[in-house]
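Indexing begins at 1, ligand by ligand and atom by atom, following the structure's order. Note that the structure is predicted; figures quoted are calculated from it, not measured.
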Amino acid sequence: MSVFVNGNAIFNAARQGHYAVGAFNTNNLEWTRAILKAAQETNTPVLIQVSMGAAKYMGDYKLVKKLVEEEMRVMNITVPVIMHLDHGNYEAAKECIEAGYSSVMFDGHDLPFEENLEKTAEIVKLAHAKGISVEAEVGSIGGEEDGIVGEGELASVEEAKQIAALGVDYLACGIGNIHGPYPENWKGLHFDRLQEIADAIDTPLVLHGGSGIPQEQIEKAIKMGISKVNINTENQLAFAAATRKYIEAGKDQEGKGYDPRKLLAPGSEAIVDTVKEIIGWLGTPEVK
Ligand code: 13P
């Protein structure tokens, strides 16, 4: 029996209840523990996701799944956890379906639309046969993440309808959102397009590039139909800032302050705080 739950019921409830559930990228052991800790302490469901690049950095998809699974065991995690592949290509999605992830994203935004549709349909069939949820993407997310570069084109309502009709469980749509920090001259989310998509389909919608979007915009997007908000950079910045503070204060040179268990502790705590704060913004209700 898998310790993970799929995202179907959780994100449908979120869309209907006008709140969102956080999808946090893991990058290593500290990230994994910090995300789980924040979810447990807030008593809310959480999605832990790994990009293709981060999985390669840590080892492979199986290792990441085992890491999350075993940390859940030793940390006595009781809140629902969704184990998700972030921005997978076709091969990665298939590999994670085999490896027992409870949710996968197939990101075919850079393929001709017909091919994106065809491959998404195949992944939906394979995943659903095993009770695994699927996220697809229309339009694209601006910026760069692990070598995947998005031009940031707006999602078309017609394409969103066609992809949703395949039975995808949640849909990422480009609405002016960007991975990584937002540039000074960023124009904000395209709420008109989000409204059109939300009016056209009931599928829970996903906001990628959640880091750095002002709280009011995130809250407005959630009211309109965003049910999953992806966060990575915010945790990276929080971790780096806390670690820098520790080193700049010379703490790594006091006693055994160089021990990674001490050196990485402030950064890890900063991730816990950041994840908890974001969960608050999203309005994720406590598990009953
Ligand atoms: P940020 O790194 O901008 O938070 O984006 C994360 C993301 O969308 C992962 O898919």
Checking heavy atoms under 4.0 Å, the part of Asn25 that sits near ligand 1 is side chain

Give every residue pair that meets the ring pair (Phe, Tyr, Trp, His ring centres under 6.0 Å) criterion with at least one member in residues 231-251, sequence neighbours excluded. Trp31-Phe239

What atoms in ligand 1 come closer than 4.0 Å to a heavy atom of Asn230? 4 (O), 6 (C), 7 (C), 8 (O), 9 (C), 10 (O)

For Ile163 versus Glu137, what's the shortest heavy-atom pair and its separation? CD1-O, 4.3 Å

Which ligand 1 atoms are under 4.0 Å away from a heavy-atom of His179? 3 (O), 5 (O), 6 (C), 7 (C), 8 (O), 9 (C), 10 (O)

Between His87 and ligand 1, which part of the residue brings a heavy atom under 4.0 Å of the ligand: side chain, backbone, both or neither? side chain

Enumerate the atoms of ligand 1 whose separation from the nearest heavy atom of Gly180 is less than 4.0 angstrom. 1 (P), 2 (O), 3 (O)

Which atoms from ligand 1 have a heavy atom of His208 less than 4.0 Å away? 8 (O), 10 (O)

Going by chain and number, the hydrophobic cluster around Ile82 (ILVMFWY, side chain to side chain under 4.5 Å) further includes Val5, Ile10, Phe11, Tyr19, Val21, Leu47, Tyr170, Val206

Kindly indicate whether a cation-pi arrangement holds for Lys220 with Phe191, taking the cut-offs as under 6.0 Å to the six-membered ring centre and within 45° of the axis. yes

Counting only heavy atoms, which portion of Ile231 has something under 4.0 Å from ligand 1: side chain, backbone, both, or neither? backbone

Atom of Met58, atom of Thr26 and distance for their closest heavy-atom approach: CE-O, 3.8 Å

When every non-hydrogen atom of Gly176 is compared with those of Leu154, the smallest separation belongs to N-CD2, 3.8 Å

